[in-house]
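Reviewing the structure listed below.
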There are 2 protein chains.
Amino acid sequence: MTREEIVMVLFDLFRRAGYDAVSIADISAATGLGKSSLYHHFPGGKPDMAGAVADFASGLMRVKVFDMLTGDGALPQKLRDMAAFVSEMYGGGGAPCLISSMMISPTAGPKAIDTVRSIMTEWINALGQALRAQGLPADEAKQRATAALVEIQGGLVVARATGDITIFETALKSAIARLHV
Amino acid sequence: MTREEIVMVLFDLFRRAGYDAVSIADISAATGLGKSSLYHHFPGGKPDMAGAVADFASGLMRVKVFDMLTGDGALPQKLRDMAAFVSEMYGGGGAPCLISSMMISPTAGPKAIDTVRSIMTEWINALGQALRAQGLPADEAKQRATAALVEIQGGLVVARATGDITIFETALKSAIARLHV
DNA sequence: GTCTATATAATGATAGAC
DNA sequence: GTCTATCATTATATAGAC
């Protein structure tokens, strides 16, 4: 089992139950690896795992979303790609956001917390750049990018709280629609 | 120290760090009470505390928001009152939502989880009823109420992740503005 | 109703063999 | 790189005095 495969399991565990609720024994059971194997891959223990998951999520978003948004291409296609990836990442509205789950866990260490929180800022910046590329003024681009993230994240929270995942898909569609120039 | 005072401390601890990250020792330190005193007030232990906090939050929202929204009064004033209370409750965008923090903690017990999650549904319903009282069709009232909660909750998440609490106040104002009939 | 002292289980983490 | 066995610590929870 490669380290990245372990990290993907950790990603799912941490975002679903929160960093503190997941024990090394849980991770051992979920991966099928013994505790010592886990400490071999992550010498720093649980905080090390938190950092690896945060880096993984950050890298994934950069490759799949940020680079795509700031690269060449038409805005409508960029927005479609972002919506498709985001919907899959959040399980159509049923899977929690890692940022939200890890933000409240100081025991995960400041590095991991800073990394996950920075994902949100980078996301807004990348989206803002895609809008500026369409000729939108910088301030309006930032406002609209922020509003989109607000709608996406809020849709996820409300969908999961109410148990109605259609709320997420509706919010995501609405957020995308408002982004078209 | 009365039980409700303890619950208010628990409310703050649980929403800020999450249920699992808060130990009985933490609670003892925050309240100044010994462990045995805490178990005297909450014989069921930590899950009992989670249930009490969930009930407290549910009752607080009912008294301060739901009853107000579904009672007599003009819509603009209702919305102003809701905005003022919500902004204070969420620390102007700096304090996490208990619902979000407790939703991901299965160890808190199903009762507490169900209670906090139901707050979101009741909130949407109360807001929808206030809109229907202004003559809005039921389906549109529900859609707009849901959209408002999406914007409020999303504003809180994005504000806390980015560290820019003005995002929350902007989202809250926007949500309220969209609710006026 | 609060305290001190303690029981018991689970936690994160390590040692050393293979 | 993974395992078994184990350590030290912390967790939840309880007993019993006051």
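By convention in this document, chain letters (A, B, ...) are assigned in the order of the sequence lines, proteins followed by strands, and residues within each chain are numbered from 1.
Straight-line distance from the CG atom of B/Asp20 to the C1' atom of D/dT12: 13 Å, rounded to whole Å. One atom, CG of B/Asp26, and another, C1' of D/dT9, lie 15 Å apart when rounded to the nearest Å.
Chain B approaches DNA chain C within less than 4.0 angstrom (heavy atoms of the protein), and the contacting nucleotides run 5' to 3' from C/dG1 to C/dT4.
Between B/Ile6 and A/Ser23, it is B/Ile6 whose nearest contact on DNA chain C lies nearer the 5' terminus.
Within the 4.5 Å cutoff, no side-chain heavy atoms of A/Ile113 are placed close to those of A/Tyr19. A heavy-atom distance below 4.5 Å is found between the side chains of B/Glu5 and B/Thr2.
Side-chain atoms of A/Ser118 come within 3.5 Å of backbone atoms of A/Thr115 as a donor-acceptor pair (strictly under, hydrogens ignored). Under a 3.5 Å cut-off, the side chain of B/Ser58 and the backbone N or O of B/Ala54 do not form any donor-acceptor pair.
Between B/Phe11 and B/Phe56, the ring planes are perpendicular. Angles over 60° get that label, and only those under 30° would be called parallel. Ring geometry, B/Trp123 versus B/Phe66: the interplanar angle falls from 30° to 60°, so the pair is classed tilted.
For DNA chain D, the neighbouring residues in residues 36-49 of chain A, judged by any heavy atom under 4.0 Å, are A/Ser36, A/Ser37, A/His40, A/His41.
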Show your reasoning for whether side chain to side chain donor-acceptor pair (under 3.5 Å) applies to A/Gln77 and A/Asp81.
CA-CA 6 Å; A/Gln77 187 60 44; A/Asp81 290 350; 2.9 Å; yes
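Using a cut-off of 4.0 Å between Lys/Arg side-chain N and Asp/Glu carboxylate O, B/Lys111 and B/Asp55 are scored as salt-bridged.
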